[in-house]
Each structure stands twice: as structure tokens, then as C-alpha cells.
Amino acid sequence: MKPPPFLLSVTLLFWGWQSDLVLPGALMAVILESALVFRTRWDLSEDDFSKTWSFCSLVLLSAVVYSFTNNEGPSSFATMFDDLSASNQRTATVASARTAAQVIRWLPMIFFPFLAAQTFSTRESIPLTTLSLILQRRWRKAKQLGQPLPPARGFNVGYPYFCAALLSASFHPSEDTSFFWGFCALLMWVLWTQRSRRYGIAVWIVLLAAAGTAGYFGQRSMAGAQAYLTNHLSAQWLANFIRRADDPFQNRTSLGLVGRLKMSDSIVIRLQPETPKNVPAYLREASYRLYRGSTWYSGSSRDYIDSIAEEQPAPSGNWPLLSDKRTASRLNIACYLDGFDKGSPAGLLPLPSGTARLEKLAAYTVDRYAAGSVMAHGPGLVLFDAHYGPGATFDLPSGFGTVTNLRGRRLYEESGLGRFEPHGDWASSNDPPVFVYSYTNEDLAVTPLEAAALDAVVDELKLKGRDQSETLRVLQQFFDNQFKYSMWQSPPRSSNTNQTPLARFLLETRSGHCEYFATATVLLLRRVGIPARYATGYSVHEESGDGYVVRLSDAHAWTLVWDETHKVWNDFDTTPAIWVEAEKKNRSPLRWLKDAWSRFTFEFAKLRNGQGNIRGYLLWIIVPGMVLLLGQIVFRRGRKRRKDKKSDADFLAIWPGLDSDFYQLEKKIAARGVPRSDAEPLNLWLQRVEKSPGMETLREPLRELIKLHYRHRFDPHGLNAAEREKLKAETKRCLELLAQSRSGNS
Amino acid sequence: MNPSAAREVFQKIATNISRVIQGHAAPTRKLLAALASGGHVLLEDFPGTGKTTLAKALARSVDAKFKRVQFTPDLLPSDILGVAIFNQLDQQFHFHEGPIFTNILLADEINRASPRTQSALLEAMGEGQVSVDGERRNLADLFFVIATQNPVEFRGTYPLPEAQMDRFAMQFTLGYVQPADEVAVLTAQANNHPLDALASCVTLADVTALKHTAQNIRISDELKRYVVDLVGATRSANGVQLGASPRASIALMKAAQALALFDGLEFVTPEQIQELAVPVIAHRLVMQPQARFSGLTARGVVEDVVKKIKVPA
Ligand SMILES: Nc1ncnc2c1ncn2[C@@H]1O[C@H](COP(=O)(O)OP(=O)(O)O)[C@@H](O)[C@H]1O
Ligand SMILES: [Mg+2]
């Protein structure tokens with residue numbers, strides 16, 4: 001089956017438009033249609049097709065490999081042939097399932113040579129043996145042994161290519177419905193040309209509506225598939241539960257949300273401790289200071305950003321966070337930088353408490369935030385060593401902070417810190433920040449809204465007057481004994497709608513997840529005068545091989561408590577330990593599959609990470625190789641070129657009677673749904689015509705006409721002038737009858 | 001003889017045969033096409049499907065010499081061709097004609113005889129003459145062999161030599177008839193065999209004239225080309241070791257001419273050629289021994305060729 005003219009080139013244009021690859025799309029369309037102008041055809045052998053197919057497969061493979069090493073997704077065709085220094089910048093980016101989406105988007109380009117080979121060859125169809133190695137082997141074996149060759153089947157690549165191009169176009173980034181309408185239009189086109197002429201336009205339109213509906217759902221499911229590929233399997237999915245798009249400055253908790261929290265169990269971090277089993281319990285990404293309306297803010301420390309200088313000579317990959325701290329432990333961390341900032345992937349690094357130094361970190365920049373987080377810009381996946389140990393952390397000490405603008409001031413005042421008294425040259429916003437020590441401690445801030453509930457608990461536990469270690473012990477016991485870990489939040493009772501979610505947690509439900517426990521603990525500690533912060537990150541507990549893996553569902557929140565005597569922040573976790581078990585229950589049964597995939601992509605990314613420039617080499621290997629291969633196929637010596645089939649028509653024209661008027665009628669009847677196949681003699685065809693609805697009146701005249709026509713064609717004596725005229729007249733009569741039967745029919 | 005008279009001869013024979021043979025109109029048509037085009041026929045089918053009866057019915061319908069030879073393993077070539085016997089009286093050899101010197105010969109169950117005997121018959125069919133003891137003897141002008149054979153897989157058979165299969169213009173099967181036709185067979189044979197009551201309806205001269213008329217049916221160059229293309233395509237078809245020869249093209253054309261005559265036409269049309277392609281071509285193909293493992297049959301090859309080659313229209 002051959003697609004109607006121009007369908008493929010229009011489809012290619014559509015694909016180009018949808019996939020932001022307009023130029024390649026247009027180019028391919030032009031090449032395809034140039035076949036109409038240049039009538040030269042190559043006499044391609046099966047071997048040539050086989051080679052072209054291998055070529056396309058190789059390109060596909062290369063595209064997969066290339067795409068794996070480039071998770072940003074080459075936003076344009078140009079990127080593929082970008083200069084290497086620029087691609088250096090982009091080297092070492094995460095290999096994820098986005099690869100699949102990318103490669104699918106490239107499919108029409110990848111398989112274009114095959115389509116072009118068919119278009120510019122003398123063949124209408126391509127033997128199946130070119131595609132199937134099994135068939136190919138069978139052929140070769142049979143040939144060697146002199147056995148009968150298996151039957152050769154051919155196919156036209158037109159429609160398969162059409163489908164591939166549509167599939168590819170469906171992986172488009174745009175949210176609008178242009179794809180759907182374009183898809184519909186192309187489908188209509190195909191259906192129109194393929195429709196059965198036997199039925200009227202009305203029937204066709206009904207079918208079309210059905211096709212449209214199918215198309216709509218097709219679009220939906222394809223969009224779904226794409227969403228699945230980009231969301232489920234890709235690192236983007238990380239920005240989900242506790243983390244909100246890598247914001248070190250604020251963290252919206254799910255406090256107060258009703259229902260069950262759902263979390264993906266994809267692996268997001270892999271750890272390799274230096275000495276077995278020596279891993280920290282927590283990996284922190286950020287800490288926050290001010291709590292207001294279910295959101296934690298970094299407070300005044302947001303403006304304290306410290307760019308870490310990479311150790312010279314760059315790129316050494318060594319980034320000192322605390323230059324004078326000695327550390328005992330080393331941990332190799334692999335994680336994704338899943339955000340995007342200033343043109344490169346960026347993200348908060350999950351680090352053990354007391355991290356003093358990062359090594360082998362292939363980042364472009366590393367920034368330390370006073371909010372207790374380290375942000376790196378770099379490739380999508382980073383692998384590095386974190387040197388850590390007990391003692392000093394890179395967090396700013398309790399009470400340290402700055403307030404420089406009105407927003408900060410409002411936040412400050414709303415967080416229960418009292419009225420903000422500006423220091424220094426407050427009026428000018430361009431002034432350098434003013435640092436305030438223990439001025440009014442943000443690490444002690446409690447919103448008045450929560451004060452009553454907190455006081456109730458403080459009274460209940462008689463916390464006032466106890467020393468710090470005593471307080472921590474009591475709190476730990478309190479949460480352990482009287483609270484329940486739960487991912488489920490029931491709706492509040494109507495009478496108590498004014499209650500804050502935290503108050504409800506503390507006084508009423510006494511059940512919740514880590515965000516509740518951590519928030520409550522921070523605020524309770526503050527209420528009795530102990531500086532505390534809210535920390536987010538991951539809990540580490542799942543061994544895998546000789547290392548550890550951390551899943552998105554291991555995301556956790558806990559408390560940092562200020563130790564005034566040692567001037568350090570300590571981790572303090574009041575969430576009941578059973579939470580880990582509770583999370584496990586939610587794991588999907590297909591987890592092993594996802595894990596295997598994750599492992600695969602990770603290993604590949606690691607390989608690439610080890611050799612930063614592998615993509616550069618890849619390009620140097622792939623491109624010339626491909627060019628060579630293509631050249632060999634196209635410009636093989638001794639290839640026969642053949643002119644268009646016109647000569648064939650000349651040859652046919654020597655037979656007498658081909659001028660018969662009957663052919664007009666045959667065409668018309670074919671258009672009415674009874675086409676004649678090439679090998680079907682007229683009388684067999686006639687039997688089918690007679691049986692088809694609406695042609696009854698035609699039976700006798702047509703039978704007579706075919707007799708006459710046969711004499712004209714096959715009787716060497718031929719027709720005399722009168723009979724020739726009769727043939728013409730009879731044909732005309734039949735044509736009229738046919739037209740009448742149509743109008744009578746519909 | 002003019003075409004319409006010739007057609008009448010055909011119809012007379014066909015009607016006469018149909019008095020005995022039920023539900024085999026198409027094979028009868030082919031059989032008569034072979035007769036009218038001067039070719040021989042090989043009927044291949046399971047025992048009891050009416051092969052012998054069909055051949056006999058034809059023989060009875062024509063007022064001509066008819067012989068029947070039941071082929072058996074001990075049948076000798078001389079049993080068919082004849083033998084020269086020394087006469088004591090005149091001290092001379094006298095040739096005793098074998099059954100081959102006839103107009104219509106029914107060679108029943110031909111594949112049960114030894115290859116030597118088969119070859120003797122096949123050679124005679126090809127040459128139109130026999131040589132016994134170095135002396136050549138011409139066969140009758142109208143010499144029509146109807147051979148029957150059981151399918152080759154049956155035990156106790158010698159397959160016909162492949163290379164000589166194309167001495168037969170056509171080979172076809174009868175097949176089992178519809179239940180209604182079979183009931184008619186039972187009814188007809190309730191008392192005695194209908195064959196016994198069958199009288200001849202045409203003369204030898206009528207058949208000879210029919211042959212001549214068939215030869216004069218016109219065929220265009222384009223259809224000759226179509227015949228050649230069909231036959232030629234079998235030579236390059238998959239699984240075929242030896243394709244059909246020009247002898248097949250000739251037989252196909254002649255048989256198609258006869259069929260066109262039966263159809264009341266004065267020229268051949270593609271329909272006749274397609275109708276006869278399988279019975280005329282298939283049995284001449286020598287398939288590669290492995291071909292049957294891949295499900296390829298000579299019949300399938302020809303059917304494929306007919307389906308593939310563009311028919312003039
Ligand atoms: N289609 C038929 N029409 C009439 N008689 C038939 C038919 N098929 C089989 N018979 C009868 O079956 C019997 C066996 O037929 P016969 O010609 O001897 O078979 P074959 O020679 O094929 O073994 C005969 O009595 C014959 O009349
Ligand atoms: Mg018999």
C-alpha cells in the first residue's frame with residue numbers, strides 16, 4: 001500500500017513544527033518531493049536496502065547512546081552538531097528516560113534514509129528480508145545449499161514511516177491542542193484516500209467522526225505516555241514531596257493537607273561509604289528558620305550566600321566548605337541535580353551533617369547558603385566525595401542573620417519576633433547586608449498562632465525549667481509514646497476549623513508524618529528557649545550491594561538543635577522510628593524493575609562521568625563513520641541508474657486496443673468501490689461488479705460492452721469502424737447508467 | 001466446420017458424458033479441451049472418484065476405436081505397443097498391433113506399471129509413432145490418451161518420470177462431488193450402470209473437424225505474450241528446480257483456443273488462459289526436493305504466478 005502523494009512530506013512538516021525541528025522537517029520534505037522533479041531512479045538491490053537499514057539502525061543506536069549522555073535534551077537539531085567546546089559545557093548530563101522521549105522525537109530523521117532509498121529506487125516495495133536478520137539468514141543458507149528460497153514478501157515503508165512520524169510528533173513539548181488537530185487532519189487525509197468508494201460521503205463522514213474520536217483518545221494516551229516517560233522515570237519527578245523545586249529559601253510542608261501522601265519510590269541518591277556501613281543517618285539538603293502558615297522559610301539567612309571557590313588548579317573538583325575542620329569520614333554520594341538555573345542543571349546537595357569538604361565534584365559552581373544548604377550548578381548527575389565528621393557545621397550559628405528589605409521585615413514581624421528595628425542605612429536597598437548577632441533570634445521565633453497549643457504541651461510535659469538534654473529526652477519520649485506515625489490525615493472536625501494543623505496534631509489527632517513531628521519539635525524547643533531549626537533531606541537506611549540507596553520516599557524532615565556549649569547544631573529526630581517500615585508498605589510491586597532501570601541509567605551516567613568527554617569522542621567516531629557508510633551506499637561504483645518508468649508505458653502502448661473507451665468506465669466503477677486487481681480478468685471482475693449494490697442496472701450492458709471491448713483488444717481481426725463507434729457509444733451509455741444508479745442510490 | 005457447429009459437437013459430447021458423470025462439468029470441459037487441442041490428459045485422484053468412468057464415457061460418446069489398458073506391475077512395453085510374430089505359414093514376421101493403435105486409449109492406473117512400460121507409452125505419446133523391431137509405425141490421426149493415476153503417495157506405485165510428464169498436455173484432479181451429485185450417482189446405478197446404456201453421439205470425423213476448428217481460433221500477440229510470461233515466470237519461481245518449457249506454452253495456447261471455441265468465441269481471451277494455467281503448467285514443474293517441506297507445491301507456484309502477473313484487460 002502506497003501513501004497518497006504529499007502525505008509524507010506534509011507529515012514531516014507537521015512533525016518538524018511539533019518537535020521544534022522545523023528545519024530538518026522541511027529539508028526532508030523537500031528531499032522527498034524532489035523525487036517528483038528528478039526522475040532519475042536508482043536500481044537499488046536488496047543488499048543496498050539491507051545496508052541502508054543497518055545504517056538507520058546504527059544511527060538509532062548512536063542516537064540512543066548520544067542521548068543517554070546528554071540529558072538536557074538537545075533542544076534543537078543544531079545541538080547535535082554543535083561545536084565540541086560548547087558540548088563540553090553540556091557534557092556529563094544525566095542519562096534518564098528522557099532519552100527515550102528524545103530518541104522517539106528523532107525517529108523520522110533517523111529512518112529517513114530508508115524512506116528516501118525507497119522513494120528514489122525503482123522499487124515500489126522493499127523486501128522484508130532487509131529488515132529481518134532471521135529471514136536474511138534463512139535466505140543466505142538456502143542459497144548456499146541450493147535449496148528453494150523462501151517466498152519473498154515486500155512492503156512499502158510509507159505507512160510505517162507515517163505512523164512513526166506521528167508517534168514522534170506526539171512527543172511534543174507544547175501543551176496546546178495543535179497536535180491533536182494536525183493528527184486528525186492527517187488521519188482524515190489517509191482515510192479519505194483509503195476509503196471504500198462503494199459507500200456514500202455520509203457513511204464516510206460517520207467513519208471519520210469515529211476516527212476523530214479514536215484520534216482524540218490516541219492523543220490523550222500518547223500525551224499520557226509522554227508524561228509518564230518524563231515524569232515517572234526522569235529525575236524531574238524528584239521535586240515532589242518535601243522538596244519544592246530546590247528552593248533553599250522556603251519549604252511548603254504538607255501540613256494541613258487531608259488524605260494520603262503518595263510518594264514515588266524511585267532511587268534518587270546512591271551512597272558508597274569509605275568503610276562499610278559507616279553512613280550518616282541523615283543527608284540534609286536544607287534547613288529553615290521561620291514557620292508561618294504551613295511553610296518554612298529561611299528567614300533572614302536567605303541573603304547570606306557564600307560562593308565556594310574551587311581549589312586551584314581548577315577543575316580540581318575540590319570544594320572546601322569549612323577549611324579548618326578535620327574530618328574522619330568520607331562518603332561517596334551520587335545524586336541528580338534536578339532543577340534548572342542559569343542555563344544548567346542545579347540542585348541542592350544532600351550532605352551528611354558536619355560536611356567540611358567536597359571532592360571530585362564536577363560542578364561549575366558551588367554556593368553555600370546560610371540556610372544550611374549547598375547548591376551546585378553542574379551536570380545533571382553528580383558523583384562526589386563528602387568529607388564529614390562530628391563537630392562544626394557550615395550552618396550559621398544560632399541567632400545569626402540579616403534583614404535587608406521590606407519583605408524580610410514583614411516576615412520577621414509576622415513570625416513573632418516582635419517589631420523589627422532597622423539597623424544602619426536601612427533606607428537604601430542597595431546597601432550591603434547588615435549582619436545582626438543575637439539581635440532577635442530567628443531560631444527562637446514562634447508564631448503567635450501556634451503559641452497556645454505549644455504552651456499547652458509545654459505545661460503538659462512540665463518542660464519549663466528543665467535543662468536542654470532533659471528537655472530533649474522528655475520530648476523524644478513524649479512523641480514516641482503518645483503519637484502515631486501516619487501518612488493519612490483525616491479531615492478536621494467542623495467545630496474546630498480554626499485550629500491550625502499543627503495544633504490539631506499536638507492536641508487532637510496526635511498522628512502525622514515527619515513534617516508534623518519536626519515542626520512541632522522545633523517550635524516546642526523554641527517555646528522553652530532552645531534555638532532550633534527545621535531540617536529537610538533524606539533518611540539513609542537501605543543497603544544495596546556494598547552501598548546504600550536513598551529513595552524519594554525516604555525524604556524526611558527533622559530538627560536541628562543548637563548546642564550552646566559546643567556552638568554546633570545537632571540532629572534531633574522525634575518522628576517514630578516505625579516510619580521507615582510504614583513507607584515500605586507503600587512500595588510498588590514493580591519497584592525492582594524501576595530499580596534495575598535506575599541502576600542501568602546510573603551506571604551509564606557514571607561511566608560517562610568518569611570520562612568527562614566521552615560524548616566528544618562519540619561524535620568524532622559516530623559522524624565520520626556514518627558519513628562513510630552512507631557514502632558507500634549512495635556512491636557505490638557500477639550502480640545502474642535507470643530512467644523513469646515512461647519507457648515501460650511506451651512498451652505497453654504497442655498492444656492494440658489500449659485506446660478502448662471501456663477503461664474510463666472501469667476507472668469509474670473502481671472509484672465506486674469495485675477496483676480490479678492487476679491479475680483479475682475482466683469477466684471475473686464483472687461478476688463482482690454485478691453483485692455489488694447499485695450496479696444491477698449495469699449488468700447486461702456491461703456484459704455486452706466487455707464482449708465488444710474484448711474483441712477490440714484480443715481479436716486479431718479487431719473491430720470495424722462502426723463497431724468501434726459502438727464501443728464508444730456503449731461505454732457512454734454505461735457511464736450514464738452508472739451515474740444514474742449513483743443518484744438513485746444516495 | 002464452422003465454429004458454431006464445432007461448438008455443437010462439444011456440447012453433444014459434454015451432455016452425453018454428463019448422463020453418466022455427475023457434478024464434474026469443469027473437469028469434463030478440460031478433458032474435452034485437451035481432446036480438441038490434440039493433447040493427452042492425466043487424471044490424478046483417489047480411487048473411486050470416477051476417473052475410469054469419465055474416460056469410458058468419453059470413449060463411448062465418440063464413435064471411434066477405443067482401447068483400455070489396465071496398467072499392472074507385470075505389464076510389458078510390448079503389451080502396449082504390439083509385437084511382431086513369426087508366421088510359420090508364410091515364413092514372415094507379422095506385426096500384431098498393441099492397444100496403442102487406437103483413437104482413444106484409456107491407460108488406467110498408469111503409475112502401477114514399471115517405468116519401462118510407462119516410458120514406452122509416454123514416448124509414443126510424444127512422437128505420434130512407435131518403432132517396433134526397427135520399424136516405424138504411425139499412430140492414428142486422432143490419438144488421445146487418457147491416463148489415470150492414483151496419488152503418488154499410494155503404495156505400490158512408480159511415479160511417472162518427471163522429465164516425461166510434459167507429454168501430457170494437462171493433468172487435473174476430479175475431486176469429490178457434492179453430496180447431491182453423489183446421491184444422483186447412486187440413483188443412476190440402482191439397476192444397471194448408466195455407462196452401459198450410453199450410445200455414441202458424434203463421429204470420429206466430427207472430432208477431427210472440432211480439432212481443426214479449434215486450431216483456427218485466433219489469439220492475439222498480446223495474449224501469446226501473456227502465455228509466455230506465465231510459463232516463463234515458473235522458471236524463476238521459488239522452490240522450482242526445473243520450470244515449464246515452451247512445450248507448456250504451446251499446450252496452454254492450444255488448449256485455450258479449444259476452450260475459447262467451447263465458450264462460443266472466435267478468439268482467445270485471458271479468462272481461458274487463466275482457467276487452464278494450473279492444469280497445463282503445474283505438472284511439468286520439477287520442484288526442489290526440499291520445497292515440499294516449506295509447503296510449496298507446483299500447483300501453488302502456478303497459482304501464485306497467475307495472481308502476480310498482470311493480466312491483459
Ligand atoms: N462423479 C461421478 N459420476 C458418476 N459416477 C461416479 C462418479 N464418481 C464415482 N462414480 C462411480 O463410482 C464408481 C467408481 O468409479 P471409477 O471410475 O472406477 O473410479 P476410479 O477409476 O477413479 O477409481 C463407478 O461406478 C462410477 O460410476
Ligand atoms: Mg479406475
Side-chain angles (χ1 to χ4, degrees), chain A residues 124-125 127 129 135 138-139 141-154 645 648-649 651-658 660 662-663 665-667 669-670 675-687 689 703 705-719, chain B residues 3 216-227 229-230 233 236-243 256-257 260 263-277 285-298 300-313:
Chain A
E124 282 278 277
S125 67
T129 39
L135 275 180
R138 256 175 57 189
W139 265 78
K141 217 168 176 184
K143 243 183 205 165
Q144 268 173 14
L145 300 175
Q147 285 174 354
L149 297 176
R153 294 215 183 76
K645 353 178 180 168
D648 233 26
F651 177 66
L652 283 178
I654 61 171
W655 302 123
L658 283 174
S660 171
F662 168 78
Y663 295 119
L665 183 65
E666 190 197 330
K667 228 180 189 168
I669 294 177
R676 189 177 64 82
S677 74
D678 268 357
E680 188 178 26
L682 288 183
N683 281 313
L684 287 185
W685 174 69
L686 176 68
Q687 286 171 15
V689 174
R703 217 176 265 181
L705 181 64
I706 288 179
K707 268 188 194 158
L708 203 59
H709 165 75
Y710 260 10
R711 277 187 60 204
H712 186 42
R713 288 281 284 118
F714 301 124
D715 189 349
H717 289 180
L719 297 179
Chain B
N216 289 329
I217 294 293
R218 299 185 285 275
I219 176 164
S220 73
D221 287 344
E222 187 179 2
L223 288 183
K224 283 180 198 157
R225 174 63 190 258
Y226 180 55
V227 167
D229 283 347
L230 284 179
S236 55
N238 280 325
V240 175
Q241 199 168 46
L242 193 65
Q257 283 174 309
D263 286 343
L265 295 168
E266 291 178 27
F267 57 95
V268 177
T269 69
E271 280 81 355
Q272 285 98 35
I273 295 173
Q274 284 204 350
E275 185 180 339
L276 291 171
L285 304 185
V286 179
M287 299 297 287
Q288 283 166 346
Q290 301 87 346
R292 53 201 267 219
F293 298 118
S294 46
L296 278 178
T297 60
V301 167
V302 179
E303 276 169 351
D304 238 37
V305 163
V306 170
K307 261 185 229 139
K308 252 191 216 140
I309 291 194
K310 192 170 148 90
V311 65

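To find a chain, count down the sequence lines: A is the first, B the second, and so on, and within it residues start at 1.
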Evaluate the criterion side chain to side chain contact (heavy atoms under 4.5 Å, CB included) for residue pair B:Thr269 and A:Lys707; output intermediate values, then yes/no.
CA-CA 10 Å; B:Thr269 69; A:Lys707 268 188 194 158; over 6 Å; no
Chi angles and distances behind the side chain to side chain contact (heavy atoms under 4.5 Å, CB included) call for A:Trp655, B:Asp221
CA-CA 8 Å; A:Trp655 302 123; B:Asp221 287 344; 3.8 Å; yes
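A donor-acceptor pair is defined here as one N or O able to donate and one able to accept, closer than 3.5 Å; such a pair exists between the side chain of A:Tyr663 and the backbone of B:Ala313. For B:Glu266 (side chain) and A:Asp715 (main-chain N/O), no donor-acceptor pair under 3.5 Å exists by modelled atom type.
Summarising the geometry, atom NZ belonging to B:Lys308 is positioned 13.5 Å from atom OG belonging to A:Ser677; distances are rounded to the nearest 0.5 Å. The CD atom of B:Gln274 sits 6.5 Å away from atom CG of A:Leu684, with the distance rounded to the nearest 0.5 Å.
Residue contact with chain A, scored on non-hydrogen atoms closer than 4.5 Å, involves the backbone and the side chain of B:Glu222 alike. At a 4.5 Å heavy-atom cutoff, the contact between A:Glu680 and chain B is made by backbone atoms alone. Contact of B:Leu223 with chain A is made through the side chain alone, with heavy-atom distances under 4.5 Å. Using a 4.5 Å cut-off between heavy atoms, A:His717 contacts chain B through both its backbone and its side chain. Heavy atoms closer than 4.5 Å to chain A are found nowhere in B:Leu265, neither backbone nor side chain. When heavy atoms are compared at a cutoff of 4.5 Å, A:Arg676 approaches chain B solely by way of its side chain, counted from C-beta outward.
Residues B:Pro312 and A:Arg713 form a side-chain contact, since some pair of their non-hydrogen atoms from C-beta on lies under 4.5 Å apart. B:Glu271 is listed as a side-chain neighbour of A:Tyr710, based on a closest heavy-atom distance under 4.5 Å.
Smallest separation of non-hydrogen atoms from A:Ala679 and B:Val306: CB-O, 3.3 Å.
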